[in-house]
Amino acid sequence: MDALPRHFYDRPTLNVARDLLGCTLVHRLNGRRLSGRIVETEGYVGPQDLASHSRRGPTKANAVMFGPPGYAYVYFTYGMHWLLNAVTEADGFGSAVLLRAIEPLEGQDLIAANRPGRPPLEWTSGPAKLTKALAVDRACNGADLCGGDLFIGAGDRVPDHQVQTGPRIGIASVPEPWRSHPYRFWLKGNPYVSKSR
DNA sequence: TTTACGATCTAT
DNA sequence: TAGATCGTAAAT
């Protein structure tokens with residue numbers, strides 16, 4: 001499976017977020033492949049988006065977001081979690097797609113080992129769960145998703161009637177209209193889609 | 001240098 | 001429903 005080309009990411013962020021559904025996130029590690037089918041994403045559409053880390057302009061932590069498309073923006077939050085994004089749009093524009101959930105495909109023995117004591121449905125059904133499961137952390141920040149050990153491969157095209165949209169999760173303190181914009185995309189009925197609260 | 005908080009998860 | 005837990009950036 002080939003990595004999606006850079007021009008896939010050099011498009012409007014919401015189109016990328018929609019089209020990443022059904023694609024395969026792969027992490028090559030120690031000669032093995034850990035992978036999963038992307039079932040939930042969120043778009044963070046640019047500095048004007050008050051829910052986006054890019055809203056205050058480039059900083060040391062979010063610099064990758066402002067770089068060229070097709071790179072991994074990995075950041076640390078809540079004192080313990082790593083979250084994985086794919087950078088979108090033109091170099092210099094701060095936008096990305098957060099990968100929120102995947103369905104395990106390859107390397108399920110290794111994935112299980114990274115999620116000890118948890119049932120399969122809780123291995124990758126959340127943005128911090130999937131990074132833990134696929135061993136994605138700060139070392140992956142800035143990785144080239146178009147040609148490296150962490151990449152995204154094309155999947156079967158997901159028809160529109162299988163795609164649902166809604167507001168993004170975990171941004172309750174963000175002002176309207178950004179809080180309510182339907183920038184979250186998921187596969188209808190897929191059991192690995194994260195639980196919102 | 002100090003403080004407040006966060007694109008979450010888990011156990012209670 | 002609250003506690004864990006710490007890097008980051010704004011405030012002091």
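The model shown is predicted, which means the values in this text are computed figures rather than measured ones. Numbered from 1 within each chain, the chains take letters A, B, ... in sequence-line order.
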Next item on the list: Describe, in one word, how the ring planes of A:Y78 and A:H81 are oriented to each other, choosing from parallel (under 30°), tilted (30 to 60°) and perpendicular (over 60°).
Entry: perpendicular
Next item on the list: Please check the phosphate of B:dC9 (OP1 and OP2 only) for any side-chain N or O of A:R115 closer than 4.0 Å.
Entry: no
Margin query: Check whether A:R18 reaches the backbone of A:N15 with its side chain - one donor and one acceptor, N or O, closer than 3.5 Å.
Written below: no
Item checked: Integer-rounded Å distance: C:dT8 P and A:M80 CE -> 16 Å
Check: Applying the side-chain contact (heavy atoms from CB on, under 4.5 Å) test to A:R138, which of A:Y75, A:F76, A:W82 qualifies?
Finding: A:W82
Check: Do the side chains of A:V26 and A:F8 join up, straight or via other hydrophobic residues, at under 4.5 Å, putting them in one cluster?
Finding: no
Notebook entry, point to check: Cluster question for you: counting only ILVMFWY and a side-chain heavy-atom cut-off of under 4.5 Å, with indirect links fine, are A:F151 and A:Y71 together?
Noted result: no
Margin query: Does atom CG (A:D2) have a neighbourhood of more than 12 heavy atoms from anything else shown, all under 6.0 Å?
Written below: no
Next item on the list: Starting at atom CD1 of A:I169, determine the distance to atom P of B:dC9, rounded to an integer number of angstrom.
Entry: 10 Å
Item checked: Residue A:L83, side-chain heavy atoms: nucleotide from C:dG7, B:dC9, B:dA7 that is nearest -> B:dA7
Item checked: Options B:dG6, B:dT10, B:dC9, nucleotide nearest the side-chain atoms of A:R118 -> B:dT10
Next item on the list: Determine: side-chain N/O of A:K132 to OP1/OP2 of B:dT8, distance under 4.0 Å, yes or no.
Entry: no
Check: On a whole-Å scale, what distance lies between the P atoms belonging to B:dT2 and C:dT5?
Finding: 22 Å
Notebook entry, point to check: What's the CZ-P distance between A:R184 and B:dT8, to the nearest Å?
Noted result: 10 Å
Check: Over how many whole Å does the gap from A:W178 atom CH2 to B:dA7 atom P extend?
Finding: 16 Å
Notebook entry, point to check: Touch check for A:I171, heavy atoms < 4.0 angstrom, all strands: base, sugar-phosphate only, or nothing?
Noted result: sugar-phosphate
Next item on the list: Give the nucleotide from the list B:dA7, B:dC9, C:dC6 with an atom nearest to the side chain of A:Y44.
Entry: B:dA7
Check: When the distance from CG of A:D137 to P of C:dT5 is rounded to whole Å, what number comes out?
Finding: 18 Å
Next item on the list: Going by the side-chain hydrogen bond (donor to acceptor under 3.5 Å, both in side chains) test, name the single residue among A:Q164, A:Q162, A:E103 that passes it with A:N190.
Entry: A:E103
Check: Which whole-number value in Å describes the distance from A:Y78 OH to C:dA2 P?
Finding: 15 Å
Notebook entry, point to check: Reading DNA chain C 5' to 3', what string of ( ), [ ], | and . shows its pairs, if Watson-Crick and G-U wobble pairs count only when both distances fall under 3.5 Å?
Noted result: ||||.||||||.
Notebook entry, point to check: Side-chain N or O of A:S173 less than 4.0 angstrom from OP1 or OP2 on B:dG6?
Noted result: yes
Margin query: Strictly below 4.0 Å: does A:R179 bring a side-chain N or O up to OP1 or OP2 of B:dA7?
Written below: no
Item checked: Spacing of A:Y73 atom OH relative to B:dA7 atom P, expressed in whole Å -> 9 Å
Item checked: Spacing between A:W82 atom CH2 and B:dA7 atom C1', to the nearest angstrom -> 15 Å
Margin query: By nearest atom, which of the nucleotides B:dC9, B:dG6, C:dT5 is closest to the A:H81 side chain?
Written below: B:dC9
Margin query: Between the side chains of A:R184 and A:E40, is the shortest nitrogen-to-carboxylate-oxygen separation below 4.0 Å, so that they form an ion pair?
Written below: yes
Check: Out of B:dC9, C:dC6, B:dT8, which has the shortest distance to the side chain of A:F76?
Finding: C:dC6
Margin query: On a heavy-atom basis, which atom in A:L14 and which in A:G43 lie closest, and how many Å separate them?
Written below: CD2-CA, 4.2 Å
Check: If we take the P atom in both B:dC5 and C:dG3, what is their distance in whole Å?
Finding: 16 Å
Note to self: Salt bridge or not between A:R168 and A:E42? Use side-chain N to carboxylate O under 4.0 Å.
What the structure shows: no
Checklist line | Proximity to DNA chain B (any heavy atom under 4.0 Å), residues of residues 48-72 of chain A only | finding: A:A51, A:H53, A:M65
